[in-house]
Amino acid sequence: MIDVNRQGEVWIFAEAEGGKLSDVPLELLGKGRELADILSVPLGAVLPGDGVADLAETLFAHGADRVYLAEHPMLAHYQAATYSKVICKLIETHKPQICLYGATPIGRDLAPTVASTMKCGLTADCTDLQIGDHTELKSKEHHEKLLLQIRPAFGGNIIATIVNPRRWPQMATVREGVMKMPEPQAGLTGELIRCEVSLDGFQAPLEIIETHRREKKVNLKAARIIVAGGAGVGSRDNFRLIWDLANCLGAAVGGSRAAVDLGFVENDHQVGQTGTTVRPALYIACGISGAVQHRAGMDESAKIVVINTDPDAPIFSVAHYGIVGDLNDVIPRMIKAIRGGEHIQDLAKAAQA
Amino acid sequence: MGYNCVVCAKQVPDTKQITGDAMKEDGTVNRGALPTIFNPEDLNALEEALAIRDAHGGTVTVLTMGPPAACDLLRESLFRGADRGILITDRRAAASDTLATSYILACAVRKLEPDIVLCGRQAIDGDTAQVGPQLAEKLGFPVVTYLEQLQSLEDDVIRVKRNVGNGWEVVSCKLPVLLTVMETANTPRPRAARRMMKYKKALAPLELADADAGQLDTLKEKGLLLEAWTLDDIGAEMAWCGVDGSPTKVHRIQSVVLTGGEYHELPPTDEGVAELIGELIEEHTIG
Ligand SMILES: Cc1cc2nc3c(=O)[nH]c(=O)nc-3n(C[C@H](O)[C@H](O)[C@H](O)COP(=O)(O)OP(=O)(O)OC[C@H]3O[C@@H](n4cnc5c(N)ncnc54)[C@H](O)[C@@H]3O)c2cc1C
């Protein structure tokens, strides 16, 4: 653990598996910039890997003031032991006050390992991060400008704000899509700091024998329209309805965690706090009750249509259009109406020609 | 040669059962009204350990931290084939965050000198997936997260296929090791009827009204004694347990006020649906 250090930088972990930056670190730079500006400290990106120096430019373009480049052949592939060793060393040397990680499979392996080594706190799957003051309940001790780590709490419509007043750095993980990716600005530069990596003689515990990467099957973040189904769809077979409606709208398919847990749809499709956060032009929620963890991942959609048999379902609280009814009845009618709509548009076009 | 496996498991509220009955007026969950279950992926961790024992011999010990009611989880483990169940229960462990929890578990696991520690990937009440890797770090064991298939185990080398989200990898490593197990790794075996008959009588000392030494001895003789350890029993330092040991603090809990009622409601008829589609086309949301 490091002591409270008000001059400490804000850091993000620049995950670059396979020599490529994923979206999350760039998204984190957007939020990191905001936090660093409030605290008047620099924003740093920690970039471990092998032959990844070229990526620093992208990190600068997205707002990093400094890139801590840690290159070593043993860092070519991620593993918890080597990466956490390098990052803990950097934390001890530079004493950042905040470290943010993407809640990716790698981030969720690395961040807890670092937290345990540093004996500091870690909050998973934050849906928002802010800076604010905190007064301890018992001692009444006042702490200024802490990282407020905001996430839905288990059960009900509850949002918890977590702080880590003493044992720094303050660390959190954030899912993909939660923070908006800043527009890259060509010409933005920063300081590239080449860090000494002392792994010589260190025996990495895992031998990586084979790796297979596949492209993600769905890109929910990029979809303009999403049709999402929940437990109310009833079965994997019946989820066809969701796919059909999506197909005729050129939309992507999303699901609630219940729909994923029940096996109606693969987990790449999960929308919400522990899935993907989306902001499409249109989100159609079918048979989804709208638990706070689900709403956290979709309530910034430009237009939300809800189809649910229960008029009291919380999902209606974020709806722009709502139909209280059975999705098995409503969706086929929608498909028919959309097809009809196309027909009408075709006629209109034909008339203009 | 056999392997000593320790499975760390958690009793969790059944989040799938959050219905109206379980909700309080203020929109928070009445935990008392929620049934508790064996955290689903911890059952996969248990199954993986039982499969290792079936193939190579050794023992399976299930370790859980929680209130006395968590003895149910230990009995459930025995029904399914575990050899031994240990409960860590101590008021001073309450309000532990994941760091303090992993510290306490590490103190207990060390006493058991395992070859392989298995955890579920994550618990459904928080989904943090933090305790596994943190426990490994505390133990000084390598961690292999997201196990999807145990490919081989020979002498002190294990080979595992792990799911890395956008693909998979095969890794090997030397024992001792900590594994976190995914739901897709296996299908947990059901309870065995004969074991249920026997182990439904298994009890921890704290479940007996006023246990005398004789009673405890009898239970122990019959293999029906569930062990309950306190923080003192595992030599935990209080500074790293419970509230004091937890760097994260709750700053604020807010209930989300649902606004509601401000949407355009349409009837579930052809006309209603046509109006909806018409409006969406008109505002250029679709089409
Ligand atoms: C730590 C944690 C993280 C979580 N992360 C996420 C997450 O990322 N994403 C997520 O979605 N959830 C998440 N959850 C789960 C969340 O709390 C809810 O349990 C889940 O979203 C419920 O899914 P659902 O709305 O599909 O199911 P339910 O709550 O069961 O709702 C089903 C709905 O379908 C309606 N319905 C039933 N039949 C029909 C019909 N024929 N026609 C129309 N409507 C019908 C019902 O009225 C009901 O409203 C998380 C939970 C925890 C504890």
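All chains are named by letter (A, B, ...) in the order of the sequence lines, taking the proteins before the strands, and each is independently numbered beginning at 1. This one's a predicted model, so the numbers in the text were calculated from it and none came from an experiment.
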Can you say whether B:Leu99 sits under 4.5 Å from chain A via the side chain, the backbone, both, or neither, judging by heavy atoms?
-> side chain
Rounded to the nearest 0.5 angstrom, the CD1-OG1 distance for A:Ile209 and A:Thr211 is 11.0 Å
Highest number of heavy-atom pairs under 4.5 Å with chain B: which of A:Ser84, A:Ala81, A:Pro205, A:Gly325?
-> A:Pro205
Side-chain H-bond candidate by donor/acceptor type, A:Thr161 with A:Gln149, under 3.5 Å = no
Flag the one option from B:Gly278, B:Gly245, B:Ala100 with the top tally of heavy-atom pairs under 4.5 Å to chain A.
-> B:Gly245
Which class fits the ring pair A:His134 and A:His143: parallel under 30°, tilted 30 to 60°, perpendicular over 60°?
-> parallel
Determine the interplanar angle of the A:Phe316 and B:Tyr263 rings, folded into 0 to 90°, and report it as parallel if under 30°, tilted if 30 to 60°, perpendicular if over 60°.
-> parallel
State, yes or no, whether a side-chain contact exists between B:Pro176 and B:Ile116 at a heavy-atom distance under 4.5 Å.
-> no
Partner residues of B:Lys174 under the side chain to side chain contact (heavy atoms under 4.5 Å, CB included) criterion, sequence neighbours left out = B:Asp156, B:Val157
In terms of heavy-atom pairs under 4.5 Å with chain A, the winner among B:Gln122, B:Lys161, B:Lys249, B:Lys138 is B:Lys249
Where on A:Arg166 is there a heavy atom nearer than 4.5 Å to chain B: the side chain, the backbone, both, or neither?
-> neither
Distance-only polar pair, side chains of A:Asp268 and A:Gln270, donor-acceptor under 3.5 Å = no
Counting heavy-atom pairs under 4.5 angstrom with chain B, the leader among A:Ile225, A:Thr117, A:Ile150, A:Asp326 is A:Thr117
Between A:Val163, A:Ile162, A:Leu249, which residue shows the highest count of heavy-atom pairs closer than 4.5 Å to chain B?
-> A:Val163
Looking at A:Gly322, A:Pro311, A:Gly121, which one has more heavy-atom pairs under 4.5 Å with chain B than the rest?
-> A:Gly322
Scored by heavy-atom pairs under 4.5 Å with chain A, the best of B:Val144, B:Leu280, B:Asp97 is B:Leu280
Segment of A:Asp125 engaging chain B (4.5 angstrom heavy-atom cut-off) = side chain
Among A:Val324, A:Asp261, A:Ile323, residue most engaged with chain B (heavy-atom pairs, under 4.5 Å) = A:Ile323
Cut-off 4.5 Å, heavy atoms of chain B, and the answer for A:Val305 is side chain
Assert top hit (heavy-atom pairs under 4.5 Å, partner chain B, pool A:Pro314, A:Ala80, A:Pro105) equals A:Pro105
With a 4.5 angstrom heavy-atom cut-off, could you sort out which part of A:Leu206 is near chain B: side chain, backbone, both or neither?
-> both
Check: B:Gln11/B:Asn39 side-chain N/O donor and acceptor closer than 3.5 Å | no
Portion of A:Ala258 that has a non-hydrogen atom of chain B nearer than 4.5 angstrom = neither
Contact class of A:Asp310 relative to chain B, heavy atoms under 4.5 angstrom = neither
When the 4.5 angstrom heavy-atom criterion is applied to B:Thr269 and chain A, the contacting part is backbone
Measuring heavy-atom distances to chain B, does A:Thr274 have an atom under 4.5 Å in its side chain, in its backbone, in both, or in neither?
-> side chain
Which atoms of B:Ile124 come close to chain A, meaning under 4.5 Å heavy atom to heavy atom: side chain ones, backbone ones, both, or neither?
-> both
Modelled atom types, side-chain donor and acceptor of B:Asn163 and B:Glu148, under 3.5 Å | yes
Find out whether B:Leu276 and A:Met334 are in side-chain contact, i.e. whether some heavy atom of one side chain is under 4.5 Å from a heavy atom of the other.
-> yes
Which residue out of B:Thr98, B:Val164, B:Val170, B:Thr248 racks up the most heavy-atom pairs below 4.5 Å with chain A?
-> B:Val170
Relative to chain B, which segment of A:Ile159 carries a heavy atom at a distance below 4.5 Å: side chain, backbone, both, or neither?
-> both
With a 4.5 angstrom heavy-atom cut-off, which part of A:Ala115 approaches chain B: side chain, backbone, both or neither?
-> both
Please work out which of the three classes, parallel, tilted or perpendicular, describes the rings of B:Trp168 and A:His212, given edges at 30° and 60°.
-> parallel
Distance from A:Cys120 atom SG to A:Ile2 atom CD1, nearest 0.5 Å?
-> 8.0 Å
Between B:Pro267, B:Pro247, B:Gly272, B:Gly167, which shows the greatest number of heavy-atom pairs under 4.5 Å with chain A?
-> B:Pro247
Do you see a donor-acceptor pair shorter than 3.5 Å between the side chains of A:Gln273 and A:Thr127?
-> no
Identify which part of A:Leu148 has an atom lying under 4.5 Å from any heavy atom of chain B, answering side chain, backbone, both or neither.
-> side chain
Examine whether an atom of B:Asp270 lies under 4.5 Å from a heavy atom of chain A, and if so say whether it belongs to the side chain, the backbone or both; otherwise answer neither.
-> both
Taking atom CD of B:Glu237 as the centre, does the number of heavy atoms from other residues, nucleotides or ligands within less than 6.0 Å exceed 12?
-> no
In terms of heavy-atom pairs under 4.5 Å with chain A, the winner among B:Val160, B:Thr285, B:Val250 is B:Thr285
Answer yes or no: is there a donor N or O on one side and an acceptor on the other, between the side chain of A:Ser139 and the main chain of A:Glu141, under 3.5 Å?
-> yes
